[in-house]
Every structure is written in C-alpha cells, then in structure tokens.
Amino acid sequence: QNRSIKVGALRFTSHSASFIALERGYFADAGLNVELEFFQAAQPMAVAIASGDVDYAVTAISGGLISLADKGAIKVIGGALKEEAGIDGQQILASDAAFQAGLTDPAMLDGKTFAVTQSGSSFHYMGSQIAMAEGIDLTFKPLQKVGAIIGAMRSGQVDAWSIVPHIAKPLAGSGAVHIIGTIQEYIPNYQITTAFTSANNASDERSQTEDFLTAFSKGIDDYNSTMIDMAGGDAGVDEMVDLIHKYVYTDRPRDKAAPSIINGTMRLSPKAALDVSSVQNQLSWFQSEGLVDESITLDTLVDSSYVEQIGA
Amino acid sequence: MSDISAVSPGLRPVTYRGGGFVPSPRRWVGFMVFVLLILLAEWGTRTGWISQLTLPKPSDVLVTFQSLYDSGLLFKHLGPSLGRLFMGALIGVSAGVSVGVLIGLFTYIRSGMVPLVAAIFPIPKIALLPLFVIWFGIGEGSKYALIAFGTFTPTVVATYGAVDNVDRTLIRMGQSFGLTWFSIVRKIVLPGAMPGILSGLRISLAIAIILLVAAEMLGAEYGIGAYILEAGSLYDLDRLFAGVVILSVLGVLVSASIGLVENRLLKWRV
Amino acid sequence: MSDISAVSPGLRPVTYRGGGFVPSPRRWVGFMVFVLLILLAEWGTRTGWISQLTLPKPSDVLVTFQSLYDSGLLFKHLGPSLGRLFMGALIGVSAGVSVGVLIGLFTYIRSGMVPLVAAIFPIPKIALLPLFVIWFGIGEGSKYALIAFGTFTPTVVATYGAVDNVDRTLIRMGQSFGLTWFSIVRKIVLPGAMPGILSGLRISLAIAIILLVAAEMLGAEYGIGAYILEAGSLYDLDRLFAGVVILSVLGVLVSASIGLVENRLLKWRV
Amino acid sequence: MNSVCHFYGATEVLRDISVEIPNGRIVCLVGPSGCGKSTILRFLGGLELPTKGEIMQLGDPPEGSLNPLTYVFQDFALLPWRTVRGNISLVLEDHNIRGEKAEAIIDDVLERTKLLDFKNALPKQLSGGMKQRVAIARALAVKPAVMLMDEPLSALDSQTRELLMEDLVSLWTRQPFTAVYVTHNLAEAVRLGHKVVVLSRRPGQVRDIVEIETPLAERKTGHAEMEKVQDKLWDLMRDEARAADEELVNV
Amino acid sequence: MNSVCHFYGATEVLRDISVEIPNGRIVCLVGPSGCGKSTILRFLGGLELPTKGEIMQLGDPPEGSLNPLTYVFQDFALLPWRTVRGNISLVLEDHNIRGEKAEAIIDDVLERTKLLDFKNALPKQLSGGMKQRVAIARALAVKPAVMLMDEPLSALDSQTRELLMEDLVSLWTRQPFTAVYVTHNLAEAVRLGHKVVVLSRRPGQVRDIVEIETPLAERKTGHAEMEKVQDKLWDLMRDEARAADEELVNV
Ligand SMILES: Nc1ncnc2c1ncn2[C@@H]1O[C@H](COP(=O)(O)OP(=O)(O)OP(=O)(O)O)[C@@H](O)[C@H]1O
Ligand SMILES: Nc1ncnc2c1ncn2[C@@H]1O[C@H](COP(=O)(O)OP(=O)(O)OP(=O)(O)O)[C@@H](O)[C@H]1O
Ligand SMILES: [Mg+2]
Ligand SMILES: [Mg+2]
C-alpha cells in the first residue's frame with residue numbers, strides 16, 4: 001500500500017495544501033509516501049512532471065503547460081488557487097511614477113506598459129483580460145523573473161502589473177507602487193492554479209491519483225477553514241502559520257514571515273474542484289494569441305474524471 | 001649503389017618508426033558528422049525511438065525555420081539581436097582592450113584592477129538581471145550593458161596577457177632608438193598584442209552570443225534570445241531548436257570572420 | 001677614473017631612457033581598491049546618494065551574511081553547491097581533456113569533433129534548461145550535466161590547443177628511441193600539454209561557477225544559486241549581494257588553488 | 001656492425017645521394033641551410049621515408065644495443081619535467097629496464113659525461129652545454145650502434161661548443177663509436193669528422209667527399225693541415241652559402 | 001666623439017669595471033655566460049642605471065646624429081609586422097623625418113648593406129643573416145656616434161656569420177665607426193676588435209685588455225698572429241668557461 005510518490009512545489013503560500021497534507025499525515029493516511037520536490041520556477045516543474053521525475057504538482061495554467069498536454073505528457077486533474085469575491089485576490093499595481101502621472105484606475109491603462117514574466121504566462125493572460133474588458137491597448141514587457149519586474153516597477157520603467165496579494169501589499173505599503181484595482185473585477189472565478197500530473201498517472205494510476213487528490217483536498221479544507229473562515233481563531237492561524245513557515249520564507253524569522261504568509265491567504269478550491277469554464281477561457285485566449293495549437297481541446301488538457309467540474 | 005644491397009649479406013632496410021602526431025583536418029569529415037547526427041535524430045524521432053519530448057524532428061525544425069523565413073519574422077528577430085550583439089560587444093571589447101592595455105602597462109592599475117576583474121569574472125550575469133533593470137532600464141541600454149559586461153572581463157584578461165607577451169626586446173629596441181612612450185605603445189605594444197587580442201576576441205564573442213539570451217530576458221519583444229525564451233516557456237521544441245541553430249550558426253560565422261581578420265591583419269606572422 | 005669626469009670638458013652622463021613596461025603587481029593596492037569601493041558604496045547608500053534600489057548597504061550585506069552563517073544556512077547552501085560544482089566540473093573537465101587529447105592526436109577525430117565543438121560552444125545553456133529536465137531529470141543529474149556541458153567545450157578547446165603546442169621534437173625524440181605510442185602519449189604528450197590544460201581550467205571553472213545559478217534553476221532546494229535566485233525573485237538586494245559575494249570569493253579561491261597546483265605540478269617550467 | 005646506407009632521394013630536396021657510413025668512424029655532413037642535411041638524418045633514423053631509394057643497414061646490431069640508431073638533437077630534446085635521471089630512465093623504461101639495472105646504466109653514462117653530480121637536477125637548472133651532455137648520456141644509455149647527431153652544438157655559445165667538442169673527442173678516443181654528424185660549422189666538421197660529405201644547395205647533391213686522416217686527438221685549432229682543409233671546404237661552400245642566405249623564405 | 005665610460009657596478013653582477021672606448025674603434029667585450037656583458041651594454045645605452053658609478057660620454061654627438069648611442073641586438077629586434085622599409089622608417093618617424101627625406105636615408109642604408117632588393121619584404125621572408133643586416137641598416141639610419149652590438153652574430157649559423165663578419169669589416173673599412181661589440185666568440189673578437197676586454201666570471205671584473213694592432217682588412221682565418229691572440233684569449237677563459245658551464249642555473 002505504501003506507494004512512494006514525488007510532489008512538486010514552489011515555496012509559495014498557494015502550495016500550502018500540499019504542505020498541510022504532508023505535515024498532518026493526510027498523505028500517509030492515504031497510503032502515500034510523499035517526498036516534496038521544490039522548484040525555483042513553475043515551468044521546469046511542469047517539464048519534470050512530463051519527464052516522470054515528479055508525480056503531482058500545482059501550478060498556474062501557462063502556454064508551456066498546454067503544450068506539454070498537447071504532446072500527451074500531462075493532464076490537469078483538479079483545481080487549487082481560485083479568485084473569490086470578498087477575499088483579497090490578485091492585485092493590479094501601478095508604478096509610483098505612473099500613479100503620480102494620473103494612473104489611478106485600470107481603465108486608464110490605455111497605451112501603457114504591463115509587466116509579464118514571459119508571453120504565455122498567467123500575467124500575460126491577466127493583462128489581456130483587463131485590456132479586453134476595458135477595450136484598451138496594453139504593451140506587454142516580458143521580464144522573465146518576478147524580481148526583474150519588481151525592479152522595473154519600483155523604478156517606474158513599466159507602468160502596471162498584477163500579482164498575488166502577499167507580494168502586492170508590502171510593495172504598496174512601501175509606497176513604491178500603488179494598488180489600483182483587483183483581478184476579480186475582470187476575471188471572476190479565475191482558476192489561477194491547478195493540480196496536474198503526468199498523462200500516465202492520470203490514466204493508469206487511478207487509485208493513486210485519487211488518493212493523492214483526497215489527501216490534497218483535506219489539506220485544502222484545513223487551510224480554508226483556518227485561514228479564511230477563521231475556524232480556529234487566531235490561535236489556529238498561528239499554528240497554521242507555524243506549519244507553513246517550515247516551507248515558506250524559511251530564512252526569515254517567524255515574526256517577519258507571518259505577515260507575508262497571512263497576506264497571501266486566498267481561497268483554494270474546495271475538494272479541488274476545477275472551474276472548467278475558467279480553464280476553457282484561458283485555453284481559448286492562448287489559442288487566440290497563437291501561443292498554442294488551435295486544435296487543442298479542453299479534453300486534451302483536462303482529465304475530468306477525478307473532481308467536480310464547475311461550469312461545465 | 002643498389003647493387004651492394006643485392007650482394008652484401010645481412011643487409012636490410014632501416015625500420016620506419018616516425019610519423020603520426022600531426023593530425024590534419026579534413027573538411028568533409030566534419031560535414032559528414034553533422035549530416036550523420038541529423039539523420040540519426042531524424043530516424044530516431046520518426047521511429048519513436050527518441051520521444052518527441054526529448055528532441056524535435058530535424059525536418060520539423062527545418063519547416064519551422066522555413067516558415068520563420070517566409071513570414072519575415074526571421075529578420076525581425078535577427079535584426080535587433082545583431083544590433084545588441086554588435087553594440088554590446090563593441091562597448092565591452094573596446095572597454096576591455098583599453099583596460100587590458102592599461103593593466104599591461106601600469107603597475108598601479110594592474111595591482112588595482114587584476115583582483116577586481118578576477119572577482120567580477122565568476123559573477124553570473126543572470127543573477128544580476130533584477131539589478132540591470134534598475135541600473136540600465138529595460139530598454140536597449142540594459143541589453144547592451146549585459147553583453148558588454150560579459151565580454152569585458154574575458155577581453156581584459158586576454159588583452160593584458162597579450163600585452164605581457166609582447167617581446168620586451170622590441171620595446172627595449174624602441175627605447176634604445178629614443179622613441180616616445182606613446183610611439184612605443186602605438187607602434188610596438190599594440191600591434192604586438194594584436195594576435196592575443198584577436199584570439200581572446202573569439203572567446204569574448206562566443207560569450208556575447210551566449211549572453212544574448214540572458215540580455216533578451218529583459219523586456220525584449222523581438223530578438224533570437226527572446227524567441228528562444230518564448231519557445232522554451234511554451235515548450236515548443238521545434239522553435240527552440242530553430243533558435244539554437246541560429247545562434248550556433250552565428251557563432252561559427254563570427255569565429256570564421258575573426259579567422260579572416262586574423263589572416264588579413266596578421267599575415268606577418270610566421 | 002671618476003677624476004676624468006672632473007677634468008675633461010664636455011663630459012656628461014649618458015641619459016637614462018630605459019625602464020617601464022614591466023608592471024609588477026602590488027598586493028596591497030588590490031586590497032585597497034576593494035576597501036575603497038566598499039567604503040564608497042557604504043557612504044553612498046548611507047547618505048542616500050545611491051538609492052537603496054540601486055545597491056544595498058555593504059554593512060547590511062555583511063549582516064545578512066552574518067545571519068546566514070549564524071543560522072547554519074550558509075553551509076546548508078554551500079554544501080550542495082560545492083558538490084555540484086565538483087561533480088559537474090569533474091565530469092566536464094575529464095570528458096573535455098579526453099576528447100581534447102584525442103582531437104590533438106587523431107586526424108579523423110579532429111576533423112569530426114572540432115566543427116561540432118565550435119557549433120556547440122555558442123549555445124546558451126539556459127536556453128536548453130527545459131530540455132535538461134527531460135534528458136537528465138530534476139535530481140542532481142541535470143545539475144551535473146549542465147555544469148559538465150558548460151565546462152566541456154572550453155576544456156576541449158584548451159586541451160587540443162595545448163596538445164598541438166607540445167614540442168614535436170620531443171615526440172620525435174621519443175620515436176627515435178623506439179618508445180611505444182602509449183608511452184609517448186603518457187610520458188611526453190600529457191605532461192607537455194599540462195600547462196595549457198591547467199590554464200584552460202581557470203576559464204572552465206569560472207564558467208562552472210557561473211553556471212551554478214543556471215543549474216540550480218532546476219529544482220534545487222538548497223544551493224548558493226538557488227539562494228541567489230530566490231533573493232532575486234523577491235528583489236532582496238542584501239541577500240542577492242551576499243550570494244554574489246560568495247560566488248565571487250569562490251571564483252577567486254578556485255583560481256588561487258589552480259595557481260597552487262600549477263606551482264606544484266609545473267615547477268619544471270622556466 | 002657495418003652499416004652501409006644508400007638512398008636516392010627524389011623531388012627537389014635531395015637528388016641522387018649515396019653515402020656509405022663505415023663502422024667506428026664519424027661522418028660529417030656539411031652544406032648550406034636547407035640543403036637537406038636533417039632530412040638525410042631523418043631517413044637514416046627511420047623517422048621519415050625517402051620518396052625514392054632505400055636506406056640499408058648491414059649486419060645485425062651488436063648485442064645489448066637497445067636502440068641501434070640513436071639521435072642527438074640540436075635542441076637537446078630533454079623532457080623539462082623530468083630530472084636528468086628521469087630523462088635517461090625514460091628511454092630504458094620501454095625496454096623494461098628498471099630499478100637497479102637502470103640505475104647502474106644511468107650512473108655509468110652520467111659518469112662518462114661527467115654529470116654524476118647533477119643527477120637530480122631539472123633541465124631548467126642546467127646550462128646549454130650540460131643539457132647537451134645529458135642528451136649524449138641518454139643516447140649512450142641505449143648502447144647505440146650509430147649515433148645520429150643533428151647540429152648537436154649549434155645551440156650553444158662558442159666557448160661551451162669548444163669544451164663539448166673536446167669532450168666528444170675524448171669520449172670517442174676512449175671508445176670509438178659510429179656517428180653521422182650534421183653541422184653547418186666547418187670548424188666542427190674538420191675537428192670531428194673522419195669523412196666530411198659536402199652537400200650542395202637545394203636540391204641537395206653530394207658535391208664532394210673529403211677524407212681526413214689526422215687522428216682526432218691530434219687536431220687542434222691552429223693545426224696547419226686542418227686550417228687548410230677548412231679553407232678548402234669554405235671555398236667550396238662560400239658562394240652556395242651567400243646564395244642560400246639571399247633567398248627569400250617562403251613561409 | 002670620444003666617449004669615456006666608467007662605472008662601478010655593485011652587487012654580485014659587476015665589480016668595479018672601468019673601460020674607455022676610443023673614437024672610431026671597435027671594442028670587443030668577451031667573457032663567460034652571465035658575466036654581465038649585456039648589462040654593461042645596457043648601461044652604455046642608457047637602458048639601465050648602474051647601482052654605483054657613472055657612465056660618461058665625452059663631447060657632443062656629431063651633428064646629424066639622431067641617436068648617438070644605437071643598439072644592434074642579438075635577436076635582430078625587427079618588428080615582424082613591418083616591412084624592411086617600415087622597420088627603418090620606424091626610427092626616423094619620431095624625428096619627424098618622413099616622405100622623401102626618409103626615403104633617401106632608407107635607400108642609402110639599404111644600399112650600404114646590400115638589401116635594396118628586399119625593401120618591401122617582411123622579416124619572416126628573410127634569412128637570419130639578412131635580418132641582422134636590416135638591423136644594422138636601421139642602426140646606420142640614425143647616424144650613430146657609437147654602435148652598441150650585443151652578440152649580433154650569435155643567432156646565425158656559422159656560414160652566415162662568416163659572411164656577415166666580412167660585411168662588417170668592409171663597412172668599417174669604408175667608413176670607420178665607433179662600436180662596442182659584445183660576443184662569446186673569440187674568433188669574432190679577434191677578427192673585429194681593435195681592443196678586446198676580457199671579463200671574468202660573475203661578479204664580472206676586467207680580467208685583461210688585449211689590444212690588436214693588425215688592420216681589420218688584413219685579418220683572415222688562419223692568419224698566424226690572430227691564431228696566437230685567439231689561443232691566448234682561450235687560455236685566459238677556458239677554466240672560467242668550464243666553471244660557468246657547470247653552474248646550476250637558479251631560475
Ligand atoms: N616537412 C616538410 N615539408 C616540406 N618541406 C620540408 C619539410 N621538412 C623540410 N623541408 C624542406 O626541405 C629542405 C631540407 O630541409 P632540412 O631540414 O633537411 O635542411 P637542413 O639542411 O637540415 O637545413 P638546416 O641547416 O637549416 O638545418 C628545406 O628546404 C625545407 O624547407
Ligand atoms: N633583470 C635582471 N634581474 C636580475 N638579475 C639579472 C637581470 N638581468 C641579468 N641578470 C643577471 O646578471 C648577470 C649578468 O647578466 P648579463 O645578461 O649581463 O650577462 P651576459 O654576460 O650578457 O651573459 P650572456 O653571455 O649569457 O648573454 C647574469 O647572471 C644574470 O643572471
Ligand atoms: Mg637541419
Ligand atoms: Mg648577453
């Protein structure tokens with residue numbers, strides 16, 4: 001019963017469900033002997049799933065992920081991070097220079113530059129959705145690394161960007177950038193990250209995959225109830241922060257890490273349910289931009305047999 | 001006196017034991033190796049023996065290349081890249097040669113700069129990407145700066161090595177004829193260091209090409225590096241390899257043109 | 001006969017016109033330059049003349065370094081990095097030396113490999129990152145492979161250059177005494193090529209350190225490269241510079257130890 | 001051993017050359033630069049094959065000779081990374097002579113060349129004359145039937161050259177060896193050769209063969225007969241030398 | 001011009017050396033390797049300063065002399081990237097002699113050294129003897145008061161050396177120049193020197209000064225008196241040379 005699997009993760013709060021499931025023994029309960037593999041970026045993690053070096057992971061939907069699915073290497077099996085009305089989600093930022101020059105609302109972004117890591121990244125998607133909704137033109141600047149984008153924002157070399165709250169809030173707090181809107185307004189029910197695995201695991205290792213999702217869902221439930229619904233009160237939050245701090249911001253002292261961890265709180269899809277309408281929307285956008293092949297269908301990307309398919 | 005050999009007893013030819021240790025290149029072999037490797041890759045990917053995750057089909061890469069050319073995108077990407085390569089390398093190489101010559105000539109500059117250059121050399125340029133954004137912006141400036149920075153250190157090292165190797169007797173000769181310091185530098189030191197500087201240039205320019213990708217991480221829309229990065233992030237192996245082949249060809253061309261310059265400029269060499 | 005100089009008319013000393021062109025390094029100057037630069041940075045960041053976006057306060061970097069050391073994380077990061085550096089460089093260098101020697105000795109290998117190496121050299125390793133994951137996995141394998149790949153080409157080039165430069169008269173001497181082919185390679189070619197190989201190693205190992213950052217992009221939890229990448233992605237300049245300083249020191253140390261090896265191994269050199 | 005060598009070199013460099021090298025004698029080859037002296041020696045040593053013609057050796061090499069045809073090179077060709085001892089043991093190792101047996105041979109040849117005190121010195125610590133003596137010692141170590149010397153003294157300064165010539169003469173006097181001695185220097189040829197072969201400018205042809213009967217030990221600078229031979233050789237060569245010197249080198 | 005030179009070199013290399021160089025004569029310096037001959041010449045040329053003592057030149061350099069103390073180096077020191085013409089014009093350019101005036105000087109010195117045909121050749125195309133003649137032509141171009149020659153012939157083979165010595169003698173005979181000629185080779189010293197200064201081994205001291213009265217043009221190999229001088233010099237030097245040769249070199 002004790003199957004050894006590898007789960008890929010980034011050191012972000014959005015991966016907390018995996019950390020919780022491991023720390024609280026949910027994986028072990030499901031008969032899974034889990035080893036976490038940490039990555040510096042999402043893209044190599046996706047490739048590692050394709051090559052079979054890692055079994056399960058969570059990441060945003062990107063052009064690379066869709067391409068790998070198209071090559072028959074990976075499948076999306078469930079949802080994770082999700083935008084939800086009422087909870088602080090991803091923020092739209094303006095650089096101080098642009099803000100002072102009057103950029104105080106996303107509607108005024110016409111002709112401005114918008115920072116993305118790479119074309120075909122989730123930042124690119126969010127930016128285009130804003131542009132489409134507002135009927136404006138945005139210039140996208142690919143800067144590869146989040147650090148480079150922060151540098152460019154602070155020095156006013158790009159005008160706007162969108163990013164998760166735990167990075168957005170401290171930046172805005174320092175006065176170097178300003179929050180001018182939220183992504184929720186433009187992309188409701190945005191399924192930001194998804195759980196995925198290799199096509200092999202999805203088709204041939206059904207029970208293992210189901211077990212993974214079960215344990216993963218328990219992690220999600222704990223996280224949501226403690227951090228969002230405050231079921232355990234502040235003591236519960238403290239305990240959870242302690243747990244997450246083992247994996248995130250490890251080289252900062254606890255008291256400095258805690259605000260960042262709490263700031264980063266966003267709803268994870270309960271039961272790892274997947275919002276397929278959002279996924280379809282993203283897929284169509286990638287296709288319309290010519291970043292991935294026209295012929296890819298939702299079925300190529302998603303294995304719908306594991307979790308609830310919202311909006312199908 | 002071949003008759004002696006017929007007559008004398010015990011007469012036998014001296015055994016040959018020389019030869020070897022002088023490999024002479026044969027052009028067609030190199031060509032054949034490329035063709036063979038490509039055919040092997042084609043065969044492997046076609047039969048599925050090499051998975052399509054591992055390597056793209058060479059014929060697909062060719063098709064991609066063809067469409068890149070037909071759509072005119074090739075030159076849209078190549079243009080900015082060549083510009084960056086040229087400007088970046090120009091800045092880096094000229095700064096490198098100047099500093100290298102100064103290091104080669106002056107005790108204090110040498111003492112101050114050599115350890116500095118040694119400390120700068122192993123710093124990975126990609127680690128400093130966020131800083132380049134602040135220092136030089138996200139326009140062409142930072143791209144030039146990154147390539148210049150990368151070519152600077154190897155050029156300095158090659159140049160001061162070359163200056164050190166200039167035959168001191170030639171310099172003493174210049175002094176013994178009462179040539180001015182400036183004359184000696186211009187007419188003896190610089191031409192004498194030229195072979196070393198040019199061969200250093202081979203390495204510097206290869207590094208410049210390598211850094212093109214890093215440079216175009218910084219907000220480049222067009223450029224071979226940007227093209228490769230996008231292909232990589234989309235895991236589009238056909239385009240990735242098309243881009244890599246372009247860089248590779250670029251590298252071989254640059255090296256060949258340095259060879260030409262060497263042949264022209266250094267025909268005085270023995 | 002200095003009395004002559006007092007007596008004879010028109011007697012005057014020969015004017016001195018030699019000297020110069022032999023810079024001799026002075027250690028303390030290099031040291032001073034570092035201290036000066038650091039003090040300047042400290043002063044600039046303290047007074048706000050250099051914005052804290054541009055450069056971290058050197059004292060803050062020191063504090064970061066201190067806490068890195070105190071928390072024991074320094075060695076947690078340094079350990080895996082050194083291991084990768086060692087294994088990757090070992091594989092790349094030994095493969096490079098072997099191939100380089102073969103190229104230096106055999107016509108056909110030379111013809112086949114030299115263009116191949118020339119074509120591989122300008123390929124940026126970071127462009128191939130996604131492929132390294134497929135080819136070598138995400139474990140230590142891909143990190144070794146990336147560093148090995150990066151050190152391989154410069155080592156090959158340095159080695160076959162060094163073999164080419166081995167004095168052919170020494171080889172002819174070996175042949176004239178009837179030494180076997182293998183003896184000649186082992187006792188004459190390899191020791192003779194050693195100086196060139198070692199000086200090539202300087203460049204290869206600097207490149208290995210540079211590639212550490214790229215290698216640790218591939219699923220590394222700990223490692224100086226991973227540390228730098230994380231600091232970069234959070235735009236945490238203190239930690240970024242702390243990491244860069246470590247790499248820089250590492251580079252200087254590696255170069256110094258090659259110097260030591262050279263002194264020991266090549267004490268026969270004139 | 002009698003070694004008789006003929007060869008008919010072809011194309012440009014050497015034209016129809018036949019020379020006989022008698023046992024226990026020193027044959028000197030002189031001629032202007034580029035006339036093919038070194039090439040002839042390479043043929044003799046089996047390091048190169050003539051385009052036409054053949055080189056024959058007569059009889060079997062004497063027993064115990066490890067390397068019948070042994071070179072002494074102009075630039076010494078010592079391995080700079082081995083000590084004097086190591087340079088000599090190099091040529092013994094491949095014949096499986098190691099340990100004490102090798103040590104005995106090394107000590108013997110170093111003694112004959114008066115180098116015993118410098119056994120553990122590196123080549124860089126030796127002066128040019130000593131280096132060449134090490135090279136000669138190394139050649140002696142393999143008990144050669146014929147020594148092939150290619151301008152062995154021309155890299156040395158004239159005083160050292162003088163000294164080394166005296167050494168060679170005393171070495172030969174004690175135990176005569178067969179040698180082919182290539183040189184530019186007529187004084188050397190006259191001092192060391194029993195037979196001087198004068199080659200003409202490229203393509204090299206035998207211009208004259210001069211036999212010198214005076215015993216080696218009696219020859220000295222200022223020896224009248226020697227001077228006469230030397231002047232005769234110089235007259236034979238002067239115009240060739242001038243012409244060879246004026247030629248543009250094609251590199 | 002009379003140039004009187006004294007210097008008291010210190011530390012190891014040279015000890016208390018005084019030499020006088022008379023006008024229009026060739027002074028040869030001989031001595032074993034490393035005794036400081038080149039160092040003395042560097043002092044004379046002002047390329048180095050003696051630790052103690054001084055070098056004086058008497059009188060003003062003759063008019064038209066661009067570079068009163070001019071070197072001829074052992075290894076020619078020609079710029080390989082300049083043609084014969086360019087190598088000579090190099091030393092004129094800094095005196096602002098260009099165009100026709102320079103051309104005239106160049107043609108004149110090339111004619112005197114019989115090199116006119118090779119004006120546009122690169123050094124790599126020339127043989128050693130021709131290279132040294134270019135170096136001599138270059139030295140002549142600046143109309144030196146004193147030529148300082150540091151083993152100018154020792155990089156050449158003996159035949160070329162012989163030829164070049166004849167050239168030097170005829171050059172001097174046509175128009176006497178003052179020269180300090182450093183050499184290892186006693187034959188050269190005896191052939192070219194009006195005065196031969198023999199130095200001892202390090203630390204270099206003047207061991208003897210031999211004046212030779214025979215006119216240069218009459219000296220020849222085999223000239224009995226010359227042979228006697230040479231043998232005398234050789235006797236003076238032999239032991240020093242042997243000792244110098246046996247010294248371990250400290251690098
Ligand atoms: N490997 C080679 N390929 C082509 N030409 C060669 C080669 N080796 C020698 N030669 C030519 O053959 C001629 C004879 O060369 P060789 O070295 O035998 O002359 P040499 O008499 O020894 O001259 P030197 O006195 O300068 O040593 C020269 O003109 C040389 O240019
Ligand atoms: N720059 C220097 N620093 C230290 N020692 C030196 C230097 N130049 C020369 N010497 C030493 O001074 C001594 C004299 O050198 P010099 O070159 O004058 O000798 P030389 O008589 O010209 O020898 P050779 O006949 O070999 O040319 C030598 O022992 C040499 O090692
Ligand atoms: Mg020869
Ligand atoms: Mg000297």
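Lettering follows sequence order; numbering is per chain, from 1. Worth knowing before you read on, the calculation uses all heavy atoms, side chains too, and leaves out hydrogens, waters and symmetry mates.
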Legend entry - Flag, side chain of C:Ser248 to backbone of B:Ala119, donor-acceptor distance under 3.5 Å: yes
Legend entry - Side-chain heavy atoms of B:Leu247 within contact of C:Pro124, under 4.5 Å: yes
Legend entry - Best-contacting candidate, C:Leu131, C:Ile120, C:Leu129, C:Val33, against chain B by heavy atom pairs under 4.5 angstrom: C:Leu131
Inset, instruction - With a 4.5 angstrom heavy-atom cut-off, could you sort out which part of B:Val29 is near chain C: side chain, backbone, both or neither? - result: both
Inset, instruction - Count the heavy atoms belonging to other residues, nucleotides or ligands that lie under 6.0 Å from CZ of C:Phe34, then report whether that count exceeds 12. - result: yes
Inset, instruction - Heavy-atom distances under 4.5 Å only: say whether B:Val189 touches chain C with side chain, backbone, both or neither. - result: side chain
Legend entry - Under 4.5 Å from any heavy atom of chain C - which part of B:Phe121: both
Inset, instruction - Would you check if C:Ile209 and B:Ile123 make a side-chain contact, meaning some heavy-atom pair closer than 4.5 Å? - result: no
Inset, instruction - Please look at B:Ile171 and chain C and tell me whether the side chain, the backbone, both or neither of the residue comes under 4.5 angstrom of a heavy atom of that chain. - result: side chain
Legend entry - Side-chain heavy atoms of B:Ile126 within contact of C:Met217, under 4.5 Å: yes
Legend entry - Region of C:Ile103 in contact with chain B, defined by heavy-atom distances below 4.5 Å: backbone
Legend entry - Best-contacting candidate, C:Gly178, C:Pro130, C:Ser51, against chain B by heavy atom pairs under 4.5 angstrom: C:Pro130
Inset, instruction - Pick one of side chain, backbone, both or neither for B:Phe241, based on which atoms fall under 4.5 Å of a heavy atom in chain C. - result: side chain
Legend entry - Contacting region of C:Leu237 [heavy-atom separation from chain B under 4.5 Å]: side chain
Inset, instruction - Tell me, for B:Ala214 versus chain C, whether the close heavy atoms (under 4.5 Å) come from the side chain, the backbone, both or neither. - result: both
Legend entry - Under 4.5 Å from any heavy atom of chain B - which part of C:Arg202: neither
Inset, instruction - With a 4.5 angstrom heavy-atom cut-off, could you sort out which part of B:Ile109 is near chain C: side chain, backbone, both or neither? - result: neither
Inset, instruction - Check whether any side-chain heavy atom of C:Ile203 lies under 4.5 Å from a side-chain heavy atom of B:Val157, and answer yes or no. - result: no
Inset, instruction - Answer with side chain, backbone, both or neither: which region of B:Ile228 has an atom nearer than 4.5 Å to a non-hydrogen atom of chain C? - result: side chain
Inset, instruction - Among B:Asp164, B:Val244, B:Thr54, B:Val252, single out the residue with the greatest number of heavy-atom pairs under 4.5 Å to chain C. - result: B:Thr54
Legend entry - Distance in Å, B:Ile210 CD1 paired with C:Ile210 CD1, rounded so as to fall on 0.5 Å steps: 9.5 Å
Legend entry - Smallest separation among heavy atoms of B:Gly30 and C:Pro115, with atom names: CA-CG, 3.8 Å
Inset, instruction - Return the option, out of B:Gly232, B:Ser176, B:Ala231, with the maximum number of heavy-atom pairs under 4.5 Å with chain C. - result: B:Ser176
Inset, instruction - Please flag which part of B:Leu37 lies under 4.5 Å from any non-hydrogen atom of chain C: side chain, backbone, both or neither. - result: side chain
Inset, instruction - Under 4.5 Å, counting heavy-atom pairs only, tell me which of B:Gly174, B:Ala118, B:Ser255, B:Gly104 racks up the most with chain C. - result: B:Gly104
Inset, instruction - Check whether C:Leu105 gets within reach of chain B through its side chain, its backbone, both or neither, counting any heavy atom under 4.5 Å. - result: both
Legend entry - Minimum heavy-atom distance between C:Gly251 and B:Pro122, given as atom pair plus value: CA-CG, 3.6 Å
Legend entry - side chain to side chain contact (heavy atoms under 4.5 Å, CB included) between C:Trp135 and B:Leu53, intermediate numbers included: CA-CA 9 Å; C:Trp135 292 344; B:Leu53 275 180; over 6 Å; no
Inset, instruction - Examine whether an atom of B:Tyr108 lies under 4.5 Å from a heavy atom of chain C, and if so say whether it belongs to the side chain, the backbone or both; otherwise answer neither. - result: both
Legend entry - Pick from C:Leu212, C:Val245, C:Thr107, C:Ile207 with the largest number of heavy-atom pairs that fall under 4.5 Å of chain B: C:Thr107
Inset, instruction - Mind checking the CG-CD1 spacing from C:Leu55 to B:Ile134? Nearest 0.5 Å is all I need. - result: 11.0 Å
